[in-house]
Amino acid sequence: MDLTSLSIMNAEDNGLSAVGVDADDERIYRDLLRHPRATLPELAERTGRTTVALRRGFSRLEALGLVSRMAGRPVRFLPIRPDVAVAALISRREEGLAQARLAALALLAETPRMENLAPEELVEVVQGQAAVVQRFAQLQQCATEELLVLDRPPYAQDPTQQNVAELERLERGVLVRGIYDVSALEIPGKLRLAQESAAAGEQARISSEVPMKLAIADRRTAILPLGTDAAAHADSAVVVHSSTLLDALVTLFEVLWRSSLPLPARPAEGVAAPAGSPDPELFTLLAAGLKDEAVARQLGVSLRTVHRRVSELMERLGARTRFQAGLLAARRGWWGEL
């Protein structure tokens, strides 16, 4: 048996539940990997299980193709190589998913066209934080051409964790445009995540006038918070389908996009900017309106360093205020210098 495969199977965080293997049956399979050709009584003695429980478990594992029964007596089972067996299970699961997609298309043909829906059916109300998170994830996954996002606190999910679903959309060629509110970038680490998304292909901008969270998939469906106060902001949402209301939300995004500032991607690790070149992160944060304390947190430097770098930038640009310095830097196109 391949020792690499065995070590993978021994890793506690690589469960087989995703391919339909029960947790207890997986433990039996792991025991057999450690003690191949053992009889049922021998395995029962080693693992503390009864022979009846083992026989039932092996019956299920045999049906899944993870073990095979040896000829002769006493009864013995051989484990199938993990890489081969799991690959077969994954293939079987993918075939099932493909059939489910075809079934979904068939069901779609039975669904009334959006223009035939009653007005009250053009808007859905989603209640509960978990339901809101799930509905947002579904909307992202359904985007095949374009995803428009307004990003601002509060968040239903951890804002310090990267949006993996968005990165997957980018890999599939979906155009993603995001506008981050200044208040979002005051969260430690949020700027780094935004820059990572920009480096992956997201077209990202910053604005101090983002009125709400919003996501629009393919200009056909949108989701936005229903509540106005922070406590209810993440606990309820409204989903809007194709309608004049959705058109208005798209127009709102485009208006904000035109007035927002580009967010430069984070410089590659180990690549330093040329001596005397402008600091794109600094003047982006300045133009976005972040306070010096928030800028220091995002850049990972001291407040004194921020004051010094701001003074140098203002002097170089001939700006009278830090906000003006950021705007002047943006208008001069300094992002293209790095």
Side-chain angles (χ1 to χ4, degrees), residues 149-155 158-163 166 176-213 230 252-338:
V149 180
L150 297 182
D151 187 305
R152 63 165 296 148
Y155 297 96
D158 186 353
T160 63
Q161 297 297 316
Q162 185 59 273
N163 186 343
E166 179 186 318
V176 180
R177 288 194 286 158
I179 305 176
Y180 295 86
D181 188 72
V182 172
S183 60
L185 298 184
E186 292 180 354
I187 299 174
K190 184 67 174 179
L191 174 62
R192 175 182 55 80
L193 294 179
Q195 289 175 319
E196 289 177 357
S197 296
E202 176 187 298
Q203 297 181 20
R205 295 192 175 187
I206 303 174
S207 172
S208 59
E209 300 177 342
V210 176
M212 60 191 173
K213 281 203 291 285
L252 170 64
F253 180 91
E254 295 295 353
V255 169
L256 287 172
W257 181 262
R258 288 193 291 271
S259 63
S260 301
L261 294 173
L263 175 72
R266 191 177 185 86
E269 291 292 335
V271 178
S277 64
D279 187 331
E281 291 182 294
L282 177 60
F283 63 65
T284 297
L285 297 177
L286 291 178
L290 264 71
K291 297 178 180 179
D292 288 352
E293 292 80 2
V295 173
R297 284 197 301 271
Q298 292 293 352
L299 298 182
V301 298
S302 68
L303 190 57
R304 177 181 295 181
T305 299
V306 170
H307 289 160
R308 176 179 56 79
R309 289 162 68 175
V310 169
S311 297
E312 293 172 352
L313 182 61
M314 290 175 62
E315 181 179 355
R316 180 175 181 182
L317 290 167
R320 289 176 293 179
T321 66
R322 55 198 296 282
F323 180 74
Q324 184 185 25
L327 289 179
L328 287 173
R331 289 171 183 170
R332 294 185 184 183
W334 277 8
W335 280 278
E337 295 186 19
L338 296 182

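- Every residue meeting the salt bridge (charged side-chain N to carboxylate O under 4.0 Å, His left out) condition with E312, not counting sequence neighbours, appears here in chain and number order: R308.
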Worked verdict on I179 versus V149 for side-chain contact (heavy atoms from CB on, under 4.5 Å) = CA-CA 6 Å; I179 305 176; V149 180; over 6 Å; no
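- Q203 pairs by the side chain to side chain contact (heavy atoms under 4.5 Å, CB included) definition with L175, R177, W257, not counting sequence neighbours.
- Side-chain contact of Q162 with S197: a donor-acceptor pair under 3.5 Å is present, judged by distance alone.
- The shortest distance between side-chain heavy atoms of P262 and I206 does not fall below 4.5 Å.
- In plain terms, the two heavy atoms of M212 and L150 that are nearest each other are O-CB, 3.4 Å.
- With a 4.5 Å cut-off on side-chain heavy atoms, Q161 and Y155 do not count as touching.
- Between E202 atom CD and N163 atom CG the span is 9.0 Å, to the nearest 0.5 Å.
- Applying the side chain to side chain contact (heavy atoms under 4.5 Å, CB included) test to R304 and every residue at least two apart in sequence or in another chain returns S302.
- With sequence neighbours excluded, no residue forms a salt bridge (charged side-chain N to carboxylate O under 4.0 Å, His left out) with R205.
- Between V176 and E166 there is a side-chain heavy-atom pair separated by less than 4.5 Å.
- Between S207 and V182 the shortest side-chain heavy-atom distance does not fall below 4.5 Å.
- The main-chain N or O of L256 is found under 3.5 Å from a side-chain atom of S260 such that the two form a donor-acceptor pair.
- Legend: residues meeting side chain to side chain contact (heavy atoms under 4.5 Å, CB included) with V255, ordered by chain and number and at least two apart, are T251, R258.
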For L303 and E293, run side-chain contact (heavy atoms from CB on, under 4.5 Å): C-alpha distance rounded to whole Å, both residues' side-chain angles, the deciding distance at 0.1 Å, then the answer.
-> CA-CA 6 Å; L303 190 57; E293 292 80 2; 4.3 Å; yes
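- In this structure, P159 and L193 have side chains that are not in contact, with every pair of non-hydrogen atoms separated by 4.5 Å or more.
- Taking the side chain to side chain contact (heavy atoms under 4.5 Å, CB included) definition, one finds that D181 meets it with R152, S183, V210, sequence neighbours left out.
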